Amino acid sequence: MKIFIDSADLDEINQAYGWGVADGITTNPSLLKKAVDKRIASGNKLDLETYIKDILKTAKNTPVSLEVTEITAGRMIEQGKKIFDMFNPVANNVNIKIPVNPAFKNEDETHFDGIEAVRKLSAEGIPVNCTLVFTPEQALLAAKAGAKYISPFAGRVDDYLRKSCGMKFDKSDYYPAAGTEKSGKVIEDNGIVSGIDLVSQCVEIIEQYGFESEIIAASLRNPRQSREAALAGAHIATLPLQVIKDMLKHHKTYEGMKAFTADIVKEYVELK
Ligand code: G3P
């Protein structure tokens, strides 16, 4: 499984690439706002074009998702092309992130602009990351429309399931891949019992029909969920830096190091 860093913060991105664990980057408007706010709060001047170009150079030879902010097909296509033309020449690694469906209401039948934009940009050779995917059928349609990447949002599915049954939780709490039961029934959203279940069903469909799209398990918030994304066969997991850090931790590792450092003989250290 490839690991992308889910961040627009250049310090975090440099850290993950410095460790050699990042195979790409995903950003979204919220992550970009967080990075911009941090930069400005620290008193640094921000030239956004140069900042994004620095991100692309850091990610050289690995893909970077930049998201559109428009919500109609025509404007998403126009903005997607503009972003691609402006930034792809820097390191030839830009893909355009398009929401599968930019509707603000589930029932709003007039908002099917996302899939149209996925189709048009993909057909013009611009790689697309189809985002905000919450069902395997959205993933199937995104694959058919030509999306290179498809991003099911695992953590937000878990949030929804937990909220729907009145559970109290922190965003980073682990939620079982097999779901949970309440009053003898597994909590589900139309046959999806957890975020990892969504990822797994998306992977199964993509593999079963030999689509070239890759599934990016997104909105992952803890190490066990990342492990389960790998076990579910996700092609990619996009992770915040904190989750990558947490994946490196184990109390027995610290305990082992404490014992080893207590046993160091000076003759060993002084070997010439
Ligand atoms: O990759 C999607 C991600 O940025 C959303 O994460 O934790 O806000 O659901 P989260």
Side-chain angles (χ1 to χ4, degrees), residues 1-13 15-16 21-38 52 55 59 62-69 93-102 114 118 127-136 138-139 142 147-164 167 169-175 177 189 192 194-200 202-203 213-230 232 234-247:
M1 181 176 73
K2 284 175 267 185
I3 291 181
F4 288 3
I5 174 158
D6 196 26
S7 177
D9 182 323
L10 202 45
D11 298 333
E12 293 184 353
I13 289 168
Q15 179 82 87
V21 299
D23 305 299
I25 301 171
T26 50
T27 68
N28 63 37
S30 305
L31 292 172
L32 194 61
K33 179 179 182 330
K34 202 169 148 196
V36 165
D37 288 351
K38 179 182 152 191
I52 292 174
I55 291 178
T62 63
V64 180
S65 294
L66 299 175
E67 187 157 346
V68 295
T69 51
N93 58 352
V94 171
N95 60 76
I96 301 297
K97 220 171 169 188
I98 306 275
V100 67
N101 180 347
V118 171
V128 169
N129 175 355
C130 184
T131 191
L132 283 169
V133 165
F134 285 89
T135 70
Q138 285 178 325
K148 180 164 176 53
Y149 303 106
I150 299 170
S151 298
F153 272 38
R156 293 192 192 185
V157 170
D158 294 343
D159 292 348
Y160 173 72
L161 294 169
R162 291 185 274 211
K163 270 187 200 151
S164 71
M167 273 170 81
F169 63 94
D170 282 331
K171 207 180 149 187
S172 61
D173 288 348
Y174 172 72
Y175 187 79
D189 176 30
I192 304 296
S194 68
I196 291 299
D197 184 31
L198 169 65
V199 170
S200 161
C202 291
V203 169
S213 318
E214 290 184 277
I215 297 296
I216 305 182
S219 177
L220 299 178
R221 282 89 170 267
N222 59 64
R224 189 161 168 188
Q225 202 183 26
S226 311
R227 177 205 310 166
E228 286 173 347
H235 306 101
I236 300 156
T238 188
L239 305 173
L241 182 64
Q242 188 55 52
V243 174
I244 297 176
K245 287 180 178 170
D246 290 344
M247 286 164 74

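Here the structure is a predicted model, which is why all the values come from computation and not from measurement. Indexing begins at 1, ligand by ligand and atom by atom, following the structure's order. Quick note: numbers below take in every heavy atom, side chains included, and nothing from hydrogens, waters or symmetry partners.
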Participant: Distance from L66 atom CG to I52 atom CD1, nearest 0.5 Å?
Facilitator: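 Reported value, rounded in 0.5 Å steps: 6.0 Å.
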Participant: Partners of E12 by side-chain hydrogen bond (donor to acceptor under 3.5 Å, both in side chains), sequence neighbours excluded?
Facilitator: S7
Participant: Looking only at protein heavy atoms, identify the closest one to atom 3 (C) of ligand 1 and say how far it is in Å.
Facilitator: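 Scanning the protein heavy atoms, the shortest distance from atom 3 (C) of ligand 1 goes to D6 OD2, 3.0 Å.
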Participant: For ligand 1, which atoms have a heavy atom of F153 less than 4.0 angstrom away?
Facilitator: 2 (C), 5 (C)
Participant: Where the closest heavy atom to atom 5 (C) of ligand 1 is concerned, which of K171, R156, E67 has it?
Facilitator: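 Nearest option to atom 5 (C) of ligand 1, by heavy atoms: R156.
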Participant: Is ligand 1 less than 4.0 angstrom away from at least one heavy atom of T26?
Facilitator: no
Participant: Pick one of side chain, backbone, both or neither for how N28 approaches ligand 1, counting any non-hydrogen atom pair under 4.0 Å.
Facilitator: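 Under 4.0 Å from ligand 1, N28 contributes side-chain atoms alone.
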Participant: Which of these passes side-chain hydrogen bond (donor to acceptor under 3.5 Å, both in side chains) with T238: T26, N129, T27?
Facilitator: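 Testing T238 for a side-chain hydrogen bond (donor to acceptor under 3.5 Å, both in side chains) against T26, N129, T27 leaves exactly one candidate, T26.
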Participant: Can you sort out the partners of D246 under side-chain hydrogen bond (donor to acceptor under 3.5 Å, both in side chains), two or more places apart, ordered by chain and number?
Facilitator: Q242, K249
Participant: Taking the side chain as everything from C-beta on, heavy atoms only, tell me whether I5 gets closer than 4.5 Å to L241.
Facilitator: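 Yes, at least one pair of side-chain atoms sits under 4.5 Å.
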Participant: If you count the atoms of ligand 1 from 1 in the order shown, which ones are under 4.0 Å from a heavy atom of R221?
Facilitator: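 Within the 4.0 Å cut-off of R221, ligand 1 contributes 7 (O), 9 (O), 10 (P).
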Participant: Taking only heavy atoms of T238 into account, list the atoms of ligand 1 that are under 4.0 Å away from them.
Facilitator: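 Every atom of ligand 1 under 4.0 Å from some heavy atom of T238: 1 (O).
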Participant: Hey, which of D173, D159, L239, D158 is the one that makes side-chain contact (heavy atoms from CB on, under 4.5 Å) with R221?
Facilitator: D159
